Number of protein chains: 2
Amino acid sequence: MTKKQTYSIGELAREFDVTTRTIRFYEDQGLVSPARRGQTRVYSPADRVMLKLILRGKRLGFSLAESKELIGMYQPQSDNRHQLLALQSKIQQRREQLEQQLRDIHAMQLELDDAEQRCVDAMNDLEK
Amino acid sequence: MTKKQTYSIGELAREFDVTTRTIRFYEDQGLVSPARRGQTRVYSPADRVMLKLILRGKRLGFSLAESKELIGMYQPQSDNRHQLLALQSKIQQRREQLEQQLRDIHAMQLELDDAEQRCVDAMNDLEK
DNA sequence: GGGGAAGTTTACGTTAACGTAAAGTATGAG
DNA sequence: CTCATACTTTACGTTAACGTAAACTTCCCC
């Protein structure tokens with residue numbers, strides 16, 4: 001028995017806590033392309049994975065266009081040497097961006113530590 | 001000698017690679033409030049730090065409003081116990097969001113590793 | 001067969017974060 | 001004095017990422 005799993009738009013919307021409008025919008029932008037049973041959209045596990053990747057991109061501040069490009073990088077269909085080199089270069093750029101984000105997160109965490117400490121101190125002061 | 005350092009809007013724009021329009025927009029939004037010498041804006045080191053924090057927020061996908069709130073957290077001026085508790089709660093939320101971002105980044109890094117490997121393989125195949 | 005829930009298309013509205021253009025002011029160089 | 005450069009305000013324009021409303025179909029339940 002193969003997992004013949006499919007999803008309705010409503011199911012996915014609930015799972016990922018977005019509206020159906022959002023999912024249809026992503027289709028407009030060419031990020032997902034669900035099958036149809038009549039008029040109705042039928043989503044595959046692959047479509048579901050796409051959504052996951054898009055939303056992960058969003059959490060990191062990526063635009064839909066960026067996420068789309070990023071996802072495209074995961075399957076190099078190029079047989080052209082030049083394009084492969086270009087792809088590698090893009091991958092490298094993304095890597096560097098992610099590392100910048102890591103640094104930024106670390107800095108913020110330190111500041112949050114600091115902020116919380118001042119909170120605690122302020123509360124201790126309140127208790128005379 | 002105190003560091004009597006100040007900056008023009010143009011200097012800061014160049015340093016942070018944004019337009020002057022952007023910096024004025026941030027002022028409109030109440031994120032910075034430079035002094036004036038006549039009509040002309042004069043930025044202090046503190047203003048410069050603000051800009052840094054805002055742009056760091058941007059790199060992590062924060063809206064200006066979120067960055068503003070976050071920066072506000074760094075100096076609890078509250079003498080109210082209830083507000084201090086609320087602030088702690090917000091700090092905790094930010095922490096959790098940052099940790100989600102860390103997980104997201106890690107996942108992306110793994111996928112980039114994978115993507116690059118496929119690139120390398122494809123290039124090796126090209127060399128017969 | 002009437003109704004409700006979930007799906008559909010079409011289309012106009014909204015918000016954030018600036019871009020861009022116009023028109024004026026100030027200031028140092030030559 | 002004149003010109004270039006850097007600043008200023010005012011104001012309309014733009015893009016991304018959906019929200020929201022209207023009007024319609026499909027399907028299932030009782």
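Within every chain, numbering begins at 1; the chains are lettered A, B, ... in the order of the sequence lines, protein sequences first and strands thereafter. Just so it is clear, the model here is predicted, and its values are computed rather than measured.
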Polar side chain donor-acceptor pair, Gln117(A) to Asp121(A), under 3.5 angstrom: yes
Thr40(B) side-chain N/O to dA26(C) phosphate OP1/OP2 under 4.0 Å: no
Sugar-phosphate only, base, or nothing, as touched by Thr19(A) at under 4.0 Å among non-hydrogen atoms: sugar-phosphate
Per-nucleotide protein contact string for nucleotides 11-16 of chain C (B base, S sugar-phosphate only, - none; heavy atom under 4.0 Å): B-----
Presence of Arg41(B) side-chain N/O under 4.0 Å of dC7(D) phosphate oxygens OP1/OP2: no
Gln109(A) side chain vs Arg95(B) backbone, donor-acceptor pair below 3.5 Å: no
Length of the CG-C1' vector between Leu12(B) and dA6(D), whole Å: 14 Å
Value in whole Å for how far the C1' atom of dC7(D) lies from CZ of Arg24(B): 7 Å
Spacing between Gln39(B) atom CD and dT9(D) atom C1', to the nearest angstrom: 8 Å
Donor-acceptor contact below 3.5 Å, side chain Glu116(A) vs main chain Ile91(B): no
Atom pair distance, as rounded to whole Å: CD in Glu11(A) and P in dG7(C): 8 Å
CZ/Arg36(B): more than 12 non-hydrogen atoms of other groups inside 6.0 Å: yes
Arg48(A) side chain to Leu12(A) backbone, donor-acceptor under 3.5 Å: no
Interatomic distance where NZ belongs to Lys68(A) and P belongs to dA17(D) [whole Å]: 12 Å
OP1 or OP2 of dA17(C) under 4.0 Å from side-chain N/O of Lys58(B): no
Touch class at under 4.0 angstrom, heavy-atom based, for Tyr26(A) against every strand present: sugar-phosphate
Gap between atoms CD1 and C1', on Ile23(B) and dT9(D) respectively (whole Å): 17 Å
Chi angles and distances behind the side-chain hydrogen bond (donor to acceptor under 3.5 Å, both in side chains) call for Gln100(A), Glu96(A): CA-CA 6 Å; Gln100(A) 177 63 54; Glu96(A) 283 163 18; over 6 Å; no
Sugar-phosphate only, base, or nothing, as touched by Ser8(B) at under 4.0 Å among non-hydrogen atoms: sugar-phosphate
Gln101(B) side chain to Arg59(A) backbone, donor-acceptor under 3.5 Å: yes
Interatomic distance where CD1 belongs to Ile9(A) and P belongs to dT26(D) [whole Å]: 18 Å
Sugar-phosphate only, base, or nothing, as touched by Arg36(B) at under 4.0 Å among non-hydrogen atoms: sugar-phosphate
